[in-house]
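Owing to the predicted nature of the structure, the values given are computational and were not obtained by experimental measurement.
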Amino acid sequence: MASSLTQEEENYVRLSLLLTGVSPRAARALFDQEFAPSCLASSLKKEYNKLKDLQRKRVLNQSQWNLLFPRVPNVPDSKSFDVTLIILLLRNRTNLSPPHVGYDRLPSFNETSPTSDLARIKYYRNFLAHLDEGKIDNTDFTTAWDNVVDAISRLGGQQMKQECDNLKVKILDQSNKEIMLDIKSSYNEIKEMKESVESLKKANEVMTVEMKKLKLSYEDTVPWNIRGKYIFNHQE
């Protein structure tokens, strides 16, 4: 039975399955190199104070914190970490060199470091999260697919590359329950990604407002001559 999806809808489904199914395992492959699964719990305990500070700054949310420090007798498991949490930990708690343009922009084509591949995956997950119609035209799909698959291949190896190739040609039959469950799962995760993006935006807005208030409070309470002396001393 042929799929009833249009080509643009099919592009959306394939890319969503790639980004929610294969790419998290590729990111996890790098994470497990930095945080060995056998001692993940002890590694996180050593970082407790610094991670707590990230939570206070709202970089880590409560659900992420619960995954890092679950209630006894449960222990943390990287298999439960999504790409957002994986990148957050690698970005803040390892010595990996960040991409030249940072984690929040698409790296150049010739930058192929592990962290730049994480940034590629992050970029296209955000791209997908901002699509409201569930459609991607062929040009955008080809560019996104090639970028993400190259990143997955470098991070996860040839076996994951083969999975990507299979997914690109796999028949998306609406009567196939397994496919539809995967698609439904991907839609739910995309919705969660949107909520996560909006939450980060709000947190940044609050922080910006608080910084402005702090600056105004400082200017209002410190005499101009002392304030000028403070600024002068700190410019030396």
Side-chain angles (χ1 to χ4, degrees), residues 16 19-99 102-105 114-130 148 151-152 155-156 182 184-214:
S16 68
L19 286 165
T20 60
V22 188
S23 68
R25 287 188 284 115
R28 194 171 299 120
L30 175 61
F31 181 86
D32 288 346
Q33 291 176 21
E34 296 294 318
F35 295 90
S38 60
C39 52
L40 178 59
S42 59
S43 297
L44 293 175
K45 284 180 181 178
K46 291 178 182 177
E47 300 286 343
Y48 182 89
N49 290 335
K50 293 173 182 176
L51 291 171
K52 192 65 179 177
D53 188 49
L54 292 178
Q55 186 192 30
R56 292 192 191 98
K57 294 177 180 177
R58 298 184 183 179
V59 176
L60 268 172
N61 62 40
Q62 187 59 47
S63 61
Q64 291 170 328
W65 181 265
N66 293 341
L67 291 174
L68 298 178
F69 300 100
R71 292 184 177 182
V72 177
N74 297 325
V75 294
D77 185 345
S78 66
K79 291 185 178 65
S80 67
F81 298 175
D82 64 8
V83 170
T84 302
L85 181 55
I86 286 173
I87 292 178
L88 189 154
L89 292 170
L90 290 174
R91 183 177 187 171
N92 289 280
R93 303 309 329 139
T94 71
N95 294 320
L96 291 173
S97 298
Y103 284 92
D104 302 320
R105 296 172 60 189
T115 53
S116 67
D117 283 333
L118 287 178
R120 284 185 179 87
I121 291 171
K122 180 177 184 289
Y123 176 87
Y124 282 107
R125 282 170 62 89
N126 288 340
F127 163 76
L128 197 69
H130 284 89
V148 175
I152 288 172
L155 292 171
D182 286 344
K184 183 178 179 182
S185 175
S186 71
Y187 283 149
N188 290 339
E189 186 167 344
I190 290 164
K191 182 180 178 182
E192 291 174 4
M193 283 193 291
K194 286 184 178 181
E195 292 173 353
S196 177
V197 169
E198 291 305 314
S199 176
L200 285 173
K201 281 183 180 179
K202 289 179 181 178
N204 287 334
E205 289 171 1
V206 169
M207 188 173 294
T208 301
V209 170
E210 291 302 318
M211 288 297 292
K212 287 181 179 178
K213 287 182 179 178
L214 185 63

Could you name each residue pair satisfying ring-ring contact (aromatic ring centres under 6.0 Å, His included) that touches residues 79-98, not counting sequence neighbours? Phe31-Phe81
In Å, rounded to the nearest 0.5 Å, how long is the span from CG of Asn92 to CG of Leu54? 5.0 Å
Spacing of Ile86 atom CD1 and Leu30 atom CG [to the nearest 0.5 Å]: 9.0 Å
Does the side chain of Pro76 reach to within under 4.5 Å of the side chain of Leu67, using non-hydrogen atoms? no
Minimal non-hydrogen separation, Phe35 against Leu90, with atom names: CE1-CD2, 4.2 Å
Set out, in order, the CA-CA distance, both residues' side-chain angles and the distance that settles side-chain contact (heavy atoms from CB on, under 4.5 Å) for Glu34 and Asn95, then state yes or no. CA-CA 9 Å; Glu34 296 294 318; Asn95 294 320; over 6 Å; no
Using modelled atom types and a 3.5 Å cut-off, is there a donor and acceptor pairing between side-chain atoms of Thr115 and backbone atoms of Ser97? yes
side-chain contact (heavy atoms from CB on, under 4.5 Å) assessment of Leu96 paired with Leu118: CA-CA 12 Å; Leu96 291 173; Leu118 287 178; 5.6 Å; no
Here the pair of heavy atoms bringing Ala26 nearest to Gly156 is CB-N, 4.3 Å
Nearest-0.5 Å distance, OG1 of residue Thr84 to CG of residue Leu60: 11.5 Å
What is the minimum heavy-atom distance between Ala119 and Pro99, and which atoms define it? CB-CG, 4.0 Å
With the threshold set at 4.0 Å, does a side-chain nitrogen-carboxylate oxygen contact exist between Asp117 and Arg120? yes
Interatomic spacing from CZ in Phe127 to OH in Tyr123 - rounded to 0.5 Å: 7.5 Å
Going by heavy atoms in the side chains, are Ile121 and Ile87 under 4.5 Å from each other? no
How far apart are the C-alpha atoms of Val75 and Leu40, what are their side-chain angles, what is the distance that settles it, and do they pass the side-chain contact (heavy atoms from CB on, under 4.5 Å) test? CA-CA 9 Å; Val75 294; Leu40 178 59; over 6 Å; no
Backbone N or O of Ser78 within a donor-acceptor pair of the Arg28 side chain at under 3.5 Å? yes
To the nearest 0.5 Å, what is the distance between CD on Gln62 and CD on Gln55? 5.5 Å
Rounded to the nearest 0.5 Å, how far does CG of Asn66 lie from CZ of Arg71? 8.0 Å
Side chain proximity check, Leu19 to Val83, heavy atoms < 4.5 angstrom: no
Check whether Asp77 reaches the backbone of Ser80 with its side chain - one donor and one acceptor, N or O, closer than 3.5 Å. no
How about NZ on Lys52, more than 12 heavy atoms from neighbouring residues, nucleotides or ligands closer than 6.0 Å, or not? yes
Sub-4.5 Å side-chain heavy-atom contact between Asn126 and Asp104: no
Side-chain contact test, heavy atoms from C-beta onward, threshold under 4.5 Å: evaluate it for Asp82 versus Thr20 and give yes or no. no
